[in-house]
2 protein chains.
Amino acid sequence: MRKAKIHSMEELSATIGISRPTLSRYFQNPESVRASTARKISDAMETLDYVPNFFATRLNRKATGMLGVVIPHATDLFFASVLEQIEIFAAELGYTVFTQSSHGSPELESRAIEQLLSMNADGVLVAPLGGQSRLESLDRLRRNLPMVLVDSPIPGLDDVDFVGTDNRQSIRMIGEYLLRTGHPPTFLGMPRLNANADSREAAYIELMEEKGLEPVVIRGRSVGASWHFEAYAHDVMEGHFAQGRHVSGALLCANDRLAIGALRAATRFGLTGENGLRIAGHDDHPLSRFMTPALTTVAQDIPAIARAALRLVADQIKGDSHDLPPRRETFATRLIIRESA
Amino acid sequence: MRKAKIHSMEELSATIGISRPTLSRYFQNPESVRASTARKISDAMETLDYVPNFFATRLNRKATGMLGVVIPHATDLFFASVLEQIEIFAAELGYTVFTQSSHGSPELESRAIEQLLSMNADGVLVAPLGGQSRLESLDRLRRNLPMVLVDSPIPGLDDVDFVGTDNRQSIRMIGEYLLRTGHPPTFLGMPRLNANADSREAAYIELMEEKGLEPVVIRGRSVGASWHFEAYAHDVMEGHFAQGRHVSGALLCANDRLAIGALRAATRFGLTGENGLRIAGHDDHPLSRFMTPALTTVAQDIPAIARAALRLVADQIKGDSHDLPPRRETFATRLIIRESA
DNA sequence: TCCTCCCTTTTACGCGTGTAAAGATATGCG
DNA sequence: CGCATATCTTTACACGCGTAAAAGGGAGGA
């Protein structure tokens, strides 16, 4: 059945004989018109092909009902998971989410921000690239729209709400676990891409020094800061293992993707057996439990992070609280002991 | 430095003393105005905070420059990778991409389609849920917008362009490899979520029968068709292994995520050693090379798929070729031999 | 200096919908 | 059946910008 295509509300009004203002109210809320009228309209719609134009709809409203999200990489399951949760909660709140990925590029991140500004979104959630992010862009965004930083804060952009994981708590938890079960861990840091890289490393060092132990941090030559964490960790550790370094004890990786790469390298060097090198990660990547050996890690509370982020923007949006002191919500992680450590 | 916020082009015009039509032309193409004028404007912009409204901009044009994308799950790295490539190529073509994930839900898929329709996008790329997709929604989309199906075709929606992988070729290639190197494979199918599930299984059966061998297909009770492929495969295979079934020979999995789950189960049963069970996958999941043992698989040509999908919509958009016969482009895969088979 | 040519300004309308105001009509009740 | 009230129609303006047409202004050449 080929329904007749209607292009505007005006046209709809003409063809079904109901005034445009009434139609407008109907599409915003069918119950705002008399039941008999609503029936007449919905009956007519059976035969017709019409959808109100989303943007024309918002053009003349103060709130657009749109939320922008910027993430560094859609192909990183951590961000994909956060995004998924954000979309779910945003839908519950009646927001439409528009996501832009920066593909790891500061320029694309700026463009994404520009895009969201020009869309006049009600608010924006940004998981920033980190150190590479262009401060002017983020600052401009902050000045113009309700905004919340997610996952990684930005040094130099302190007056913005932030939601993320308590890296100090999480690293201490997994670190203490490793210590408790016998091995002072070496730390495999991620490429210095964002603030998490620093704060996790700092938490590790603090813990070690607190215990009177020597912190040992491995960091490869950051060859053009790469988001290919698995490959990065694999190559770095392979280099060490080949020279007999770090072949025993425990290795605490700044995130699971690194751990997966390290695990692979260790396995190839036959280091992961009984009494071999213990490896632990951070994040509870969806595939971590399927690794061999299954990866011991800490799980970030992604739903809580997503929910909090939405709550904070929503507050800013309704409260117009541009001048309130910035809020900072971090969540604790959960220790997940598997086989690798 | 706090730049003064300007809310409309009208306002901009008033404050910098340049007529709105000229500003309009400037923002569309700075070279369409005299160089001295362009300078005057860009100089003024240094002090001011203004971005033309994206949607108002498109409201009065025939083409909106927007492309819609619908994927089943942002947290499936295959779709995330496809999306990433689509975004890259779309940017090259000057399109702005708006992505909606259906989170595996037919209802959300329909809503996403509705959303894209109401946005008046120039075209839409849909990686459908598959059998669960609501045909009316997809059909409505097809009638109203240039559209291309990606990854999985929809039975019953045949007059739509399709871009994907040649499952027959890919399954035969990996299947023949397994046979050539010694083992007639058993097939672990994915939950019947989309057409790929069927066509890969069909390709397997065809190959086996052609070789005069008995096809053996494993399929768990599809407990509410699940997208948790790894867990699904793990549980199904664990059940078999526990009863001593399929513990040797070769297992061909319909995709890598299944293979990862199966691999994990096999490893726990000590089946993956020398002369043990051989396991192969399909897709070359980004983490497959980091599995232990590293997963033998076939790689889909994701960039080619993304590029072709964009080419097809672009053709439809410019050609208004709504009545041309539907085109169907499938790409060959590349055999990637690692350790698992 | 005058006259083109090019770019700009002015003016006006259009995109599809929200929304306010005033008048017309339908609904429900006594 | 008449009236008060809820709802609808009509009319008009607004949102932010594209764009066409006509008129204005400046730079360059003769």
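In what follows, every chain begins at residue 1, and chains take the letters A, B, ... in the order their sequences are listed.
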Q: Does D/dT7 have OP1 or OP2 sitting under 4.0 Å from an N or O in the side chain of A/Y26?
A: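 No, because none of the side-chain N or O atoms of A/Y26 sits under 4.0 Å from OP1 or OP2 of D/dT7.
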Q: For the aromatic rings, using the six-membered ring if either is Trp, is the centroid distance between A/Y50 and A/F27 under 6.0 Å?
A: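 They qualify: ring centres under 6.0 Å apart.
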Q: Measuring to OP1 and OP2 of D/dT19, would you say a side-chain N or O of B/Q28 lies under 4.0 angstrom away?
A: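 The answer is yes; a side-chain N or O of B/Q28 sits under 4.0 Å from OP1 or OP2.
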Q: Which of these, B/I305, B/N196, B/I302, sits in a side chain to side chain contact (heavy atoms under 4.5 Å, CB included) with B/D151?
A: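 Considering B/I305, B/N196, B/I302, a side chain to side chain contact (heavy atoms under 4.5 Å, CB included) with B/D151 is found only for B/N196.
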Q: Give one of base, sugar-phosphate or nothing for A/P52, where a contact means two heavy atoms less than 4.0 Å apart.
A: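 A/P52: backbone/sugar contact only, no base atoms under 4.0 Å.
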Q: Would you say A/S19 places a side-chain N or O within less than 4.0 Å of OP1 or OP2 belonging to D/dT9?
A: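 Affirmative; the distance criterion is met.
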Q: Of the residues in residues 29-37 of chain B, which ones touch DNA chain D at a heavy-atom distance under 4.0 Å?
A: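 Going residue by residue through residues 29-37 of chain B, none turns out to have a heavy atom under 4.0 Å of DNA chain D.
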Q: In whole angstroms, how far is the C1' atom of D/dA12 from the CZ atom of A/R20?
A: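 For the pair A/R20 CZ and D/dA12 C1', the rounded distance is 10 Å.
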Q: If I take atom CD in residue A/E10 and atom P in nucleotide C/dG18, what distance separates them, rounded to the nearest angstrom?
A: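 It works out to 12 Å between those atoms.
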Q: Quick check against the 3.5 Å criterion: does A/D161 have a side-chain atom that pairs as donor or acceptor with the backbone of A/P326?
A: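 Between the backbone of A/P326 and the side chain of A/D161 there is no qualifying donor-acceptor contact (under 3.5 Å).
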Q: Measure CZ/B/R61 against C1'/D/dG18 and give the value in whole Å, please.
A: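 Distance check: B/R61 CZ to D/dG18 C1' gives 7 Å.
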Q: With a 3.5 Å cut-off and heavy atoms only, can you find an N or O donor on one side and an acceptor on the other between the side chain of B/N53 and the base of D/dG16?
A: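 When only heavy-atom distances are counted, B/N53 does not reach the base of D/dG16 through any donor-acceptor pair under 3.5 Å.
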Q: With salt bridge (charged side-chain N to carboxylate O under 4.0 Å, His left out) as the criterion, how do A/D49 and B/R143 come out once you've worked through the C-alpha distance, each side chain's angles and the decisive distance to 0.1 Å?
A: CA-CA 10 Å; A/D49 203 356; B/R143 286 198 316 269; 3.6 Å; yes
Q: For the residue pair A/V124 and A/M119, establish whether any side-chain heavy-atom pair is separated by less than 4.5 Å.
A: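 No - every pair of side-chain heavy atoms lies 4.5 Å or more apart.
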Q: Between A/R58 (CZ) and C/dT17 (P), how many Å, whole number?
A: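 Going from CZ in A/R58 over to P in C/dT17 covers 12 Å.
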Q: Between B/R25 (CZ) and D/dA20 (C1'), how many Å, whole number?
A: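 Interatomic distance, CZ of B/R25 to C1' of D/dA20: 12 Å.
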Q: Which residue lies toward the 5' end of DNA chain C, B/A56 or B/P21, if each is placed at its nearest nucleotide?
A: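 On the 5' side of the pair lies B/P21.
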Q: For DNA chain C, whose closest nucleotide is more 5', that of B/L59 or that of B/G17?
A: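 Result: B/G17.
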Q: Side-chain N or O of A/S24 less than 4.0 angstrom from OP1 or OP2 on C/dG18?
A: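 Answer is yes, contact under 4.0 Å.
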Q: Is A/T57 close enough to C/dT17 that one of its side-chain N or O atoms is under 4.0 Å from OP1 or OP2 there?
A: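 No, because none of the side-chain N or O atoms of A/T57 sits under 4.0 Å from OP1 or OP2 of C/dT17.
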Q: In whole angstrom, give the distance that lies between atom NZ of A/K40 and atom P of D/dT7.
A: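 Nearest whole value for this atom pair: 14 Å.
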Q: With salt bridge (charged side-chain N to carboxylate O under 4.0 Å, His left out) as the criterion, how do A/D139 and A/R142 come out once you've worked through the C-alpha distance, each side chain's angles and the decisive distance to 0.1 Å?
A: CA-CA 5 Å; A/D139 195 50; A/R142 179 190 65 73; 2.9 Å; yes
Q: Hey, does B/T22 reach any base, or is it just sugar-phosphate, or nothing, if we go heavy atoms under 4.0 Å?
A: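 Base: the residue B/T22, judged by heavy atoms under 4.0 Å, touches a nucleobase.
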Q: Do any side-chain nitrogens or oxygens of B/K62 fall under 4.0 Å of OP1 or OP2 in C/dG14?
A: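 No, because none of the side-chain N or O atoms of B/K62 sits under 4.0 Å from OP1 or OP2 of C/dG14.
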Q: Could you state the CZ-P distance from B/F27 to D/dG18, rounded to the nearest angstrom?
A: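 In whole Å, D/dG18 P lies 9 Å from B/F27 CZ.
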Q: Could you check how far CZ of B/F55 sits from P of D/dG18, rounded to whole Å?
A: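 About 14 Å, once rounded to whole Å.
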